[in-house]
Amino acid sequence: VQLQASGGGLVQAGGSLRLSCATSGLTFGRNHMAWFRQAPGKEREFVAAIHRNGGSTLYADSVKGRFTISRENAKNTVYLQMSSLKPEDTAVYLCAAKGAILTSVIRNKVGDYDYWGQGTLVTVSS
């Protein structure tokens, strides 16, 4: 199983970025997907998650209204559209996958996810 995150970079505060996570080796449509982030010296924290069928999403309070998670099952890819970026959004962003049955809920804990990508660095300058 591979999860390859991309799209990170340096952006000014107030700007936007779109992250992508391309997957292989898993049945994408049977996995809930999530984004987490980890800033230097801090614990990994939940950002957003999306149900395997794309029908429901979950966001951390800190990004609600600014970030949007979406998925394209035909391309085995999950996205994170980030807008109104703040310096405190600076972190390595990692995508994660969890095999799930259709009726299961999406979750926001690190331990809930089975597979992880290597991450992409987002730096927001003030």
Side-chain angles (χ1 to χ4, degrees):
V1 174
Q2 290 191 325
L3 286 72
Q4 184 72 42
S6 62
L10 175 62
V11 63
Q12 288 190 329
S16 299
L17 278 177
R18 188 195 196 203
L19 306 184
S20 300
C21 175
T23 70
S24 61
L26 54 75
T27 306
F28 186 74
R30 294 183 179 179
N31 278 261
H32 297 333
M33 299 297 298
W35 288 95
F36 287 76
R37 66 187 181 187
Q38 189 162 17
K42 294 189 175 182
E43 292 189 351
R44 191 168 296 185
E45 66 172 0
F46 172 76
V47 176
I50 187 167
H51 194 275
R52 56 178 263 182
N53 65 9
S56 63
T57 55
L58 182 66
Y59 294 93
D61 288 343
S62 59
V63 306
K64 206 172 291 183
R66 300 189 299 122
F67 291 10
T68 301
I69 188 171
S70 62
R71 65 188 295 156
E72 194 167 358
N73 284 2
K75 293 187 176 181
N76 296 334
T77 301
V78 61
Y79 306 96
L80 186 68
Q81 178 66 48
M82 305 186 295
S83 303
S84 302
L85 283 161
K86 305 175 182 180
E88 52 263 44
D89 294 319
T90 295
V92 173
Y93 284 72
L94 307 102
C95 57
K98 173 181 174 54
I101 61 174
L102 190 60
T103 54
S104 66
V105 298
I106 45 179
R107 300 187 184 277
N108 62 0
K109 298 295 189 293
V110 170
D112 290 325
Y113 289 83
D114 305 315
Y115 304 106
W116 292 83
Q118 86 295 347
T120 186
L121 177 62
V122 172
T123 303
V124 184
S125 63
S126 56

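Along the sequence shown, the residues carry numbers beginning at 1.
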(message) Restricting to side chain to side chain donor-acceptor pair (under 3.5 Å), what partner residues turn up for Lys64, sequence neighbours left out?
(response) Asp61
(request) Considering non-hydrogen atoms only, spot the tightest contact between Gly7 and Thr120 and give its length. (result) N-OG1, 4.0 Å
(request) Classify the angle between the aromatic ring planes of His32 and His51 as parallel (below 30°), tilted (30 to 60°) or perpendicular (above 60°). (result) tilted
(message) Tell me which pairs pass disulfide (SG to SG under 2.5 Å) where either residue lies in residues 46-94, with sequence neighbours left out.
(response) none
(message) I'd like to check the salt bridge (Lys or Arg N to Asp or Glu O under 4.0 Å) partners of Lys42; sequence neighbours left out, ordered by chain and number.
(response) none
(message) Show the nearest heavy-atom pair for residues Ser20 and Thr77, with the distance to one decimal.
(response) CB-CG2, 4.3 Å
(request) Could you tell me whether the side chain of Leu58 reaches within less than 4.5 Å of the side chain of Phe46, counting heavy atoms only? (result) yes
(message) Checking Arg52 now: which residues fulfil side chain to side chain donor-acceptor pair (under 3.5 Å) with it, not counting sequence neighbours?
(response) none
(message) Among residues at least two apart in sequence or on other chains, which ones pass side chain to side chain contact (heavy atoms under 4.5 Å, CB included) with Asp114?
(response) Lys98
(message) Suppose we screen for salt bridge (Lys or Arg N to Asp or Glu O under 4.0 Å). Which residues come up paired with Arg44, at least two apart in sequence or across chains?
(response) none
(request) Give every residue pair that meets the disulfide (SG to SG under 2.5 Å) criterion with at least one member in residues 72-126, sequence neighbours excluded. (result) Cys21-Cys95
(request) Applying side chain to side chain contact (heavy atoms under 4.5 Å, CB included), name anything that partners Ser16, two or more places apart in sequence or on another chain. (result) Gln81, Ser83
(message) Working to the nearest 0.5 angstrom, can you tell me the gap between Tyr113 OH and Leu94 CG?
(response) 13.0 Å
(request) Give me the other members of the hydrophobic cluster that Val11 sits in, counting Ile, Leu, Val, Met, Phe, Trp and Tyr linked by side-chain heavy atoms under 4.5 Å, directly or via other members. (result) Val1, Leu3, Leu17, Leu19, Leu26, Phe28, Met33, Trp35, Val47, Ile50, Tyr59, Val63, Phe67, Ile69, Val78, Leu80, Met82, Leu85, Tyr93, Tyr115, Val122, Val124
(message) Applying salt bridge (Lys or Arg N to Asp or Glu O under 4.0 Å), can you list everything that pairs with Glu45, at least two apart in sequence or on another chain?
(response) Arg37
(request) State the CZ-CD distance between Phe36 and Glu43, to the nearest 0.5 angstrom. (result) 12.5 Å
(message) Tell me if a side-chain donor or acceptor on Thr23 pairs with a main-chain N or O of Asn76 at a distance below 3.5 Å.
(response) yes
(message) With salt bridge (Lys or Arg N to Asp or Glu O under 4.0 Å) as the rule and sequence neighbours excluded, what pairs involving residues 9-35 come up?
(response) none
(request) Return the minimal non-hydrogen interatomic distance between Ala39 and Ala91, and the atom names on each side. (result) N-CB, 3.8 Å
(message) Does any part of the side chain of Lys86, heavy atoms only, come nearer than 4.5 Å to the side chain of Glu88, both counted from C-beta?
(response) yes
(request) Check side chain to side chain contact (heavy atoms under 4.5 Å, CB included) between Glu72 and all other residues, then give those that pass, not counting sequence neighbours. (result) Lys75, Tyr79
